[in-house]
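Please read the structure below before turning to the comments.
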Protein chains: 2
Amino acid sequence: MALEHAILVSLTEQAATGYDLARRFDASIGYFWRASHQQIYKTLARMEADGWVSATIEPREGTADKKTYAITDAGREELTRFTAEPSPREALRSDFAVKLRGLADVTAIVEDTRRRRADHVERLDRYEASAKRHYPDPDAVEERERGAYLALRGGILSERMGIAWCDEILDQLETRSDR
Amino acid sequence: MALEHAILVSLTEQAATGYDLARRFDASIGYFWRASHQQIYKTLARMEADGWVSATIEPREGTADKKTYAITDAGREELTRFTAEPSPREALRSDFAVKLRGLADVTAIVEDTRRRRADHVERLDRYEASAKRHYPDPDAVEERERGAYLALRGGILSERMGIAWCDEILDQLETRSDR
DNA sequence: CCTTGCCATGCAACTAGTTGCATGGGTACG
DNA sequence: CGTACCCATGCAACTAGTTGCATGGCAAGG
């Protein structure tokens, strides 16, 4: 399970509440790991029990206490252990590819492909803007930012690939049905 | 859930036992959907209860009956319905990207990246061999094979992208630490 | 003052997927 | 004759992730 490790990475950069983490998972970290707030709270509780994070509690009246989590030494150790083990190949699961393979309704698939293409373009724009802003000179990325930079590059390459695939699909399915 | 739909697509091509399906999920369909035999048997049972597939039972002595599943009209309808609905963007979850982002141990990551690169190369070779064998002329792919062809193209593009990403990572992490 | 939206937490019920185990026949090789 | 490998099915226990719901403060704008 890597949600725990994604949280640890995020806490290494900056201590945070569950809510903060959920927002980070909607942004930067969310480029390669999605998580709902429910799952984050659940996981944080388990991680605290395991001693990987520690919480500073700020009591609030009338509502639940605010808990800010920080990574512990045990958490850092666990992160190192995790980094050392070979990462399993991602189980790729694509509803879209299943549909495409079935090709039950060309019109519906063309429509879906256009939607996906637009989504890829939108994300690519965001990633590229982020890259330009944070790392204007790719050859001069600071040591401690290199991981984040390379992860972002993965996002960029992945979106570009998605666009190229959509273009191939549209080319094959549109122009041919027009003829 | 698309495992059900992946099974339906597979059964559209050819009726099969759970065991057959498990092997298909280790090969062609497995390019974009993985499933263990346990999960396939469980899902087939549910699909039969839902009337999407029907089983022909061949009794065997001493061991469990052999069941060959075929898609039903209701199954075909469900597949059409599924194709018509927009496919959700895949939740991308990458242990590797999490590790990379953390960048806790450069040596370990370089090693892991090399392993991943080799895996991508191996898969790319397989996919390209498969493409060459089944679709020697991409412009002359038969109508009913177009979906499978385009899905395979997705696999090819995806592996190429993976290799390119690994190369970037290795370039940044290796040459720089050598200096 | 009321609504909208952000800050902040969490439970409960469910679905999907993984891991480990169990059974047993047939066929091919040494 | 043993062993290994393919064919074939499935249960049980567990882990991860989703969906829906509930609570409540505080600030800004109309």
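Model, not experiment: these values are computed from the prediction. Residue numbering restarts at 1 for every chain, and letters A, B, ... go by the order of the sequence lines.
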* To do: Return the orientation label for the B:H5 and B:F82 ring planes: parallel under 30°, perpendicular over 60°, tilted otherwise.
  => parallel
- Among side-chain atoms of B:E145 and B:H134, is any donor-acceptor pair under 3.5 angstrom? no
The nucleotide from C:dA16, D:dA8, C:dT9 with an atom nearest the side chain of B:T17 is D:dA8
Whichever of B:A2 and A:D65 has the more 5' nearest nucleotide on DNA chain C, that residue is A:D65
Below 4.0 angstrom from OP1 or OP2 of C:dC7, is there any side-chain N or O of A:R23? yes
Considering only heavy side-chain atoms of A:W33, the closest of D:dG17, C:dA8, D:dT9 is D:dG17
Taken to the nearest whole Å, CD1/A:I40 to P/C:dC7 is 15 Å
B:E48 atom CD is separated from D:dG10 atom C1', nearest whole Å, by 14 Å
Is the centre of the B:Y69 ring less than 6.0 Å from the centre of the B:W52 ring? no
Donor + acceptor pair across side chains of B:D105, A:T83 (<3.5 Å):
no
Checklist line | Check: B:R89 main-chain N/O paired with A:R116 side-chain donor or acceptor under 3.5 Å | finding: no
- Quick one: is A:Q39 getting a side-chain N or O under 4.0 Å of the D:dG17 phosphate, OP1 or OP2? yes
### Task
Decide yes or no, distance alone: a donor-acceptor N/O pair under 3.5 angstrom between the base of C:dG17 and the side-chain of B:Q38.
no
Here the distance between atom C1' of D:dT19 and atom NE2 of A:H37, to the nearest Å, is 11 Å
Taking C:dA8, D:dA8, D:dG10 as options, the one with an atom nearest any side-chain atom of A:D20 is C:dA8
Considering only heavy side-chain atoms of B:L3, the closest of C:dG10, C:dA8, C:dG17 is C:dG17
In whole angstroms, the gap separating P of C:dA16 from OH of B:Y41 amounts to 20 Å
Atom CZ of B:R46 and atom P of D:dG10 are separated, to the nearest Å, by 15 Å
Discussion item. Below the 4.0 Å mark, does C:dA12 have OP1 or OP2 next to a side-chain nitrogen or oxygen of A:K42?
Written reply: no
If the cut-off is 4.0 Å, is B:Y19 near the phosphate of D:dC7, judged by side-chain N/O to OP1 or OP2?
yes
Separation of D:dT9 atom P from B:E61 atom CD, nearest Å, is 17 Å
To the nearest angstrom, the CZ-P distance between B:F25 and C:dG17 comes to 11 Å
Atom NZ of B:K66 and atom C1' of D:dG10 are separated, to the nearest Å, by 17 Å
DNA chain D nearest-nucleotide lookup for B:A64 and A:S36: closer to the 5′ end is B:A64
